[in-house]
Amino acid sequence: MSDRQVRLTDRIGAELDDSSLQRLSSLLDELTPADEEHATVSLTDSDEWNLEFSADSVLFENVDVSGGEVGTLPLSSREEPLSIAEEFIRGDFEALRSRPWSSRP
């Protein structure tokens, strides 16, 4: 059994007890590209893997000191960020890494 835990952080930086897809969906609805200061929500696990969602893309990275960025992915549908988040919550890193991540310019 894994001790992996996942935490959800809202757009103002507060960690939430509820890291469900339903809660993430409602937080994604609150994102607007015009609010540059509060433009992302994130899911982070106990190994410091992180998904950072904006209104139109997601960044996959390890935020540990020795970690690194996997890449970014533009979001083409409303369902796509939830599908990506579901893989992350399940710990399905094989599926996550198989997505077409690209390095930031």
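Side chains included, hydrogens not; waters and symmetry mates left out as well; all remaining heavy atoms used.
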Legend entry - Side-chain touch S46/D3, heavy atoms, less than 4.5 angstrom: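 Not in contact.
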Legend entry - CA sep, side-chain torsions, deciding dist, call: L73, E80, side chain to side chain contact (heavy atoms under 4.5 Å, CB included): CA-CA 10 Å; L73 186 65; E80 191 172 19; 4.0 Å; yes
Among [options], which one satisfies side chain to side chain contact (heavy atoms under 4.5 Å, CB included) with [X]?
{"X": "I89", "options": "L8, L21, L24, I84", "answer": "L21"}
{"X": "F88", "options": "T44, N50, D45", "answer": "D45"}
{"X": "E52", "options": "T40, V63, T72", "answer": "T40"}

Legend entry - Contacts of S98 that satisfy side chain to side chain donor-acceptor pair (under 3.5 Å) - sequence neighbours left out: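 S98: no side chain to side chain donor-acceptor pair (under 3.5 Å) contacts found.
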Out of curiosity, [X] [atom1] to [Y] [atom2], how far, rounded to the nearest 0.5 Å?
{"X": "D47", "Y": "D64", "atom1": "CG", "atom2": "CG", "value": "9.0 Å"}
{"X": "H38", "Y": "L31", "atom1": "NE2", "atom2": "CG", "value": "11.5 Å"}
{"X": "E86", "Y": "S20", "atom1": "CD", "atom2": "OG", "value": "12.0 Å"}
{"X": "L75", "Y": "S54", "atom1": "CG", "atom2": "OG", "value": "6.5 Å"}

Inset, instruction - Work out which heavy atom in A85 is nearest to a heavy atom in L43; give both atom names and the distance. - result: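 Closest pair (atom of A85, atom of L43, distance): CB-CD1, 3.6 Å.
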Legend entry - Atom of L28, atom of R78 and distance for their closest heavy-atom approach: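 Looking at all heavy atoms of both residues, the shortest contact is CD1-NH1, 3.8 Å.
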Inset, instruction - Starting from the C-alpha separation in whole Å, work towards a yes-or-no answer on side chain to side chain contact (heavy atoms under 4.5 Å, CB included) for L27 and L16. - result: CA-CA 11 Å; L27 292 175; L16 308 174; 3.6 Å; yes
Inset, instruction - Could you note down all residue pairs passing ring pair (Phe, Tyr, Trp, His ring centres under 6.0 Å) where residues 53-77 supplies at least one of them, sequence neighbours left out? - result: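 Of all non-adjacent pairs touching residues 53-77, those that pass ring pair (Phe, Tyr, Trp, His ring centres under 6.0 Å) are W49-F60, F60-W101.
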Inset, instruction - Hey, could you give me each pair passing salt bridge (Lys or Arg N to Asp or Glu O under 4.0 Å) that has a residue in residues 15-27? Not counting sequence neighbours. - result: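 Counting only pairs at least two positions apart or across chains, the salt bridge (Lys or Arg N to Asp or Glu O under 4.0 Å) contacts touching residues 15-27 are R7-E15.
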